[in-house]
Amino acid sequence: MTAIAEKTVRELALESSSATRVFEKLGIDYCCGGNKSLEEACLAANLTLDNVQRELDSAKQEFRPNGSRDWQREPLSELIAHINGTHHRYVREEIARLTPLMDKVCGKHGPHHPELLHIQAIFHGLAQELTSHMMKEEMVLFPYVSRMEEAVIEGEPVLPAPFGTVANPVAMMEHEHDAAGDALRAMRSATNGYVVPEGACASYQTLYRGLEEFETDLHQHIHLENNILFPRALAMEKGRQG
């Protein structure tokens, strides 16, 4: 077995952002399912390890980051600002845009495409969960992590967390991320991989394209939190306790 086969998908995603593009293209879960080895992930996705490795090697050679930031080293406060300003903002804007579009498409095409009503129910549930989830992060977890980092930098004592330890809200957020991942997979299955029916109108096509872009952004969003922000915050808290 090669060394890359033994690495987890999470490790590969952290090594190079080009890997996340490959995983997205091939349908390999690198955010919620990132703890699987590459070999296990390939088996789960019915892909050969050799082909995936070639894709990763090719993407790494072609990808030239332009001003991309290393979120494993940037201050946590800046990573949080990026998540809030980029991904949380995108989620809110897209929920506001896609919800009425979904209602319109379902109203017109639902009688002939009953899968749309199933997709609508999944998306509405996901939208409600994400709205609550982001509020908890922005009002409770993220401000505490930023204050903790500031205290560490200033060499001052960290105020006790109202939730006991960072591990408690992190566990809740990761559980909710898993539920969001399940919803994304259910929508992808119900839409047959976001393939619109023959003769679909512009609104139908716009809806499917928007849902697929929503999925891609949410994968990257969860990756930044599960694989970078949360582990770094937990390590920082542990270092202060030690």
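For the single chain, residues carry numbers from 1 onward in sequence order.
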Could you check K36, R185, R188 and say which one makes a salt bridge (charged side-chain N to carboxylate O under 4.0 Å, His left out) with D29? R185
Is there a path from F163 to M173 through hydrophobic residues (I, L, V, M, F, W, Y) whose side chains come within less than 4.5 Å of each other? yes
Nearest atoms (heavy-atom pairs only) where E149 meets S77: OE1-N, 2.9 Å
Between the main-chain N or O of I95 and the side-chain N or O of T99, is there a donor-acceptor pair closer than 3.5 Å? yes
Aromatic plane relationship, Y194 with Y208 - under 30° parallel, 30 to 60° tilted, over 60° perpendicular: perpendicular
Minimum heavy-atom separation for I80 to S146, with atom names? CD1-OG, 3.5 Å
Around atom NZ of K108, are there more than 12 heavy atoms from other residues, nucleotides or ligands closer than 6.0 Å? no
Before you tell me yes or no, could you show the steps for M187 and E215 under side-chain contact (heavy atoms from CB on, under 4.5 Å), namely the whole-Å CA-CA distance, both residues' side-chain angles and the distance that decides it to 0.1 Å? CA-CA 9 Å; M187 284 198 296; E215 175 193 69; over 6 Å; no
Hey, are the side chains of E213 and Y90 touching, using non-hydrogen atoms and a 4.5 Å cut-off? yes
Could you point out which residue of R10, E11, R232, Q72 forms a side chain to side chain contact (heavy atoms under 4.5 Å, CB included) with N227? R10
Using side-chain heavy atoms (C-beta onward) and a distance below 4.5 Å, is K104 in contact with P100? no
Using the side chain to side chain contact (heavy atoms under 4.5 Å, CB included) definition, which of the options V166, V145, L141 pairs with F230? L141
Is the ring centre of F23 less than 6.0 Å from the ring centre of H219? no
Salt bridge (charged side-chain N to carboxylate O under 4.0 Å, His left out) between R89 and E93, intermediate numbers included: CA-CA 6 Å; R89 179 181 176 181; E93 289 177 348; 3.0 Å; yes
Any link between L98 and M134 through a network of hydrophobic side chains (Ile, Leu, Val, Met, Phe, Trp, Tyr) touching at under 4.5 Å? yes
Closest approach of V158 and Y144, non-hydrogen atoms and distance? CG1-OH, 3.3 Å
Taking all non-hydrogen atoms of both residues, which atom of C106 and which atom of L117 are closest, and how far apart? CB-CD2, 4.0 Å
Describe, in one word, how the ring planes of H221 and H87 are oriented to each other, choosing from parallel (under 30°), tilted (30 to 60°) and perpendicular (over 60°). parallel
Please check if M172 and L126 belong to a single hydrophobic cluster, counting links between Ile, Leu, Val, Met, Phe, Trp and Tyr side chain heavy atoms closer than 4.5 Å. no
In terms of ring plane angle, is the pair H133 and H177 parallel, tilted or perpendicular, where the classes change at 30° and 60°? tilted
Check the pair E24 / R21 against salt bridge (charged side-chain N to carboxylate O under 4.0 Å, His left out), numbers first and verdict last. CA-CA 5 Å; E24 202 71 54; R21 290 167 171 78; over 6 Å; no
Heavy-atom check, side chain of H109 versus side chain of C201, under 4.5 Å: yes
Would you give the length of the straight line joining atom CG of L38 to atom NZ of K7, rounded to the nearest 0.5 angstrom? 10.5 Å
Could you walk me through whether L207 and F123 pass side-chain contact (heavy atoms from CB on, under 4.5 Å), step by step? CA-CA 12 Å; L207 174 64; F123 182 75; over 6 Å; no
Side chain to side chain, T191 and E115, heavy atoms closer than 4.5 Å: no
Nearest heavy-atom approach of I83 to E225 is CG2-OE2, 3.4 Å
Does one hydrophobic cluster hold both L224 and L130, with members joined at side-chain heavy-atom distances below 4.5 Å? no
Exceeds 12 heavy-atom contacts within 6.0 angstrom, atom CD of E129: no
Nearest atoms (heavy-atom pairs only) where F142 meets L229: CE2-CD2, 3.5 Å
If two hydrophobic side chains count as joined below 4.5 Å and joins carry through other members, does L218 share a cluster with L26? no
Can E94 and R97 be counted as an ion pair, charged N to O under 4.0 angstrom? yes
Distance alone, cut at 3.5 Å: any donor-acceptor contact between the side chains of T165 and E237? yes
For Q205 and A200, indicate whether the former's side chain and the latter's backbone hold a donor-acceptor pair under 3.5 Å. yes
Could you check whether any side-chain heavy atom of H223 comes within less than 4.5 Å of a side-chain heavy atom of Q220, counting everything from C-beta outward? yes
To the nearest 0.5 Å, what is the distance between CG on L159 and CE on M148? 12.0 Å
Is there side-chain contact between L116 and Y204, with at least one heavy-atom pair below 4.5 Å? yes
Go through it in stages, so that I can follow the logic: the residues are I228 and E74, the test is side-chain contact (heavy atoms from CB on, under 4.5 Å), and I'd like the CA-CA distance, side-chain angles, deciding distance and then a yes or no. CA-CA 11 Å; I228 302 179; E74 294 279 4; over 6 Å; no
Heavy-atom count around D70 CG within 6.0 Å, excluding the residue itself: above 12? yes
Please examine the side chains of H82 and R69, heavy atoms only from C-beta on, and report whether any two atoms are closer than 4.5 Å. no
Using side-chain contact (heavy atoms from CB on, under 4.5 Å), reason through N84 and H88 one step at a time and then give a plain yes or no. CA-CA 5 Å; N84 285 339; H88 283 197; 3.2 Å; yes
Can you check whether L211 reaches I119 side chain to side chain, under 4.5 Å on heavy atoms? yes
Calculate, to the nearest 0.5 Å, the distance between atoms OG1 and CG belonging to T8 and L14 respectively. 7.5 Å
